[in-house]
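Any value given below was found using the heavy atoms of this structure, including those in side chains, with hydrogens, waters and symmetry copies removed.
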Amino acid sequence: MCLSGGATRGLAHIGVLQALEDNNIRPDYLSGTSIGSFAAALYAFGVSLKEIRIVGKGMTPINVSKLKLSRYALFSNEELGKLIQSKIGKAKIEDSPIPLAIMAVDIATGEKVVLRKGEVAPAVMASNAVPGLYRPIYIDGRMLVDGGIAEDVPISPLKPMGADVVVAVNLSAERRYSTPNDIIDIILNAIDIAIDENTKLQVRQADVLIEPQLSHFPRMDVSMIDELIAEGYRSTQVSIEKIKLLLEHVADLKPVTGKTH
């Protein structure tokens with residue numbers, strides 16, 4: 001299963017995962033971009049959805065950002081890394097109980113970087129480092145930023161990891177753009193427009209596409225967390241029967257070794 005970016009709208013991922021749990025479906029593999037990497041990382045290491053909700057409720061821009069002017073950005077997102085560490089310590093990606101991939105981009109080369117090893121917190125910080133807003137994160141000598149630039153719905157890592165059924169969550173379906181009020185809005189709108197054009201092509205590779213309707217939710221507001229979770233849950237329930245049928249089909253073909261989404 002892959003979880004997309006979407007800023008605070010990423011709280012809808014909690015509802016998606018809850019709907020799967022309620023139907024006795026658990027991902028065998030997880031990939032995440034931006035806020036999706038945050039949710040995927042915590043879930044992959046066994047943090048309960050109840051705990052993720054509590055953490056998510058406190059993820060206001062003020063709480064996860066520190067003003068740190070540099071030649072590369074306005075803010076640092078090291079507080080986001082601390083939130084990850086508060087739940088799973090300095091865990092390494094390769095040790096996750098559910099195999100995990102985190103999407104980032106090398107801003108110096110334009111290459112997509114799929115992180116499958118190394119400490120989780122810096123990887124999640126890199127995947128969430130919106131260019132111009134948050135400082136890039138250096139991992140293995142590479143300057144990494146928000147993975148959404150290359151693949152906001154990170155489907156591509158899942159098949160190589162072993163997945164037979166790919167369930168993708170796209171939080172930006174039918175996204176509406178608003179008139180910018182400041183430089184931050186300008187940057188975010190520009191990135192969103194570019195991301196959405198790529199995503200239209202990328203989501204065709206999914207076996208099941210879950211698209212919560214979130215266009216009316218603010219990009220940076222966690223006050224509507226219950227509504228976001230409810231929409232994630234609702235949109236997943238619509239696809240549950242299709243997911244079950246695909247999993248049953250895989251089980252029939254590969255009763256011993258078949259893996260799911």
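- Looking at residues two or more places apart in sequence or on another chain, you find a side chain to side chain contact (heavy atoms under 4.5 Å, CB included) between E21 and Q18, R26, Y43, L49.
- When the options Q85, K90, K92 are evaluated for a side chain to side chain donor-acceptor pair (under 3.5 Å) with E119, the one that passes is Q85.
- Around atom CG of D140, no more than 12 heavy atoms belonging to other residues, nucleotides or ligands sit under 6.0 Å away.
- Ion pairing of R9 with D221 is absent here, as no side-chain N (NZ or NE/NH1/NH2) approaches a carboxylate O to less than 4.0 Å.
- With sequence neighbours left out, E111 forms a salt bridge (charged side-chain N to carboxylate O under 4.0 Å, His left out) with R142.
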Next on the checklist: Test side chain to side chain contact (heavy atoms under 4.5 Å, CB included) on V120 and I88; report intermediate values, then the result.
Outcome noted: CA-CA 9 Å; V120 175; I88 62 174; 3.8 Å; yes
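- Heavy atoms only, all atoms of each residue included: G56 and L11 are closest at CA-CD2, 3.6 Å.
- Just one residue in the list V208, L209, T236, L246 forms a side-chain contact (heavy atoms from CB on, under 4.5 Å) with V167, and that residue is V208.
- Under a cut-off of 6.0 angstrom, the local environment of NZ in K117 is sparse, with at most 12 non-hydrogen atoms contributed by other residues, nucleotides or ligands.
- Not counting sequence neighbours, K244 has no partner by the salt bridge (charged side-chain N to carboxylate O under 4.0 Å, His left out) test.
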Checklist entry - Step by step, would you call E151 with T33 a side chain to side chain donor-acceptor pair (under 3.5 Å)? => result CA-CA 7 Å; E151 196 170 351; T33 295; over 6 Å; no
Checklist entry - Going through the checks in order, is the side chain to side chain donor-acceptor pair (under 3.5 Å) test met by Y134 and S76? => result CA-CA 5 Å; Y134 293 111; S76 163; over 6 Å; no
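- Distance alone, capped at 3.5 Å, is enough to place a donor-acceptor pair between the N128 side chain and the V124 backbone.
- Linking Ile, Leu, Val, Met, Phe, Trp and Tyr whenever their side-chain heavy atoms come within less than 4.5 Å leaves I195 and I107 in two separate clusters.
- More than 12 heavy atoms of other residues, nucleotides or ligands lie within 6.0 Å of CG in L245, so this atom counts as buried by the packing criterion.
- In summary, the side chains of N23 and Q237 do present a donor paired with an acceptor at a separation below 3.5 Å, with no hydrogens or angles considered.
- In this view, K82 and E79 satisfy the salt bridge (charged side-chain N to carboxylate O under 4.0 Å, His left out) rule, not counting sequence neighbours.
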Item to check | salt bridge (Lys or Arg N to Asp or Glu O under 4.0 Å) between K87 and E51, intermediate numbers included | outcome: CA-CA 9 Å; K87 293 300 177 183; E51 289 181 86; 3.6 Å; yes
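- Every residue two or more places apart in sequence or in another chain was checked for a salt bridge (charged side-chain N to carboxylate O under 4.0 Å, His left out) with E211, and none qualifies.
- As a member of the Ile/Leu/Val/Met/Phe/Trp/Tyr network built from side-chain separations under 4.5 Å, V114 groups with M103.
- Both I25 and I210 are assigned to one and the same hydrophobic cluster, defined by single-linkage of ILVMFWY side chains at heavy-atom distances under 4.5 Å.
- The two atoms that bring S31 and P154 nearest to each other are OG-O, 2.7 Å, heavy atoms only.
- Considering only heavy atoms from C-beta on, C2 stays 4.5 Å or farther from V169 through its side chain.
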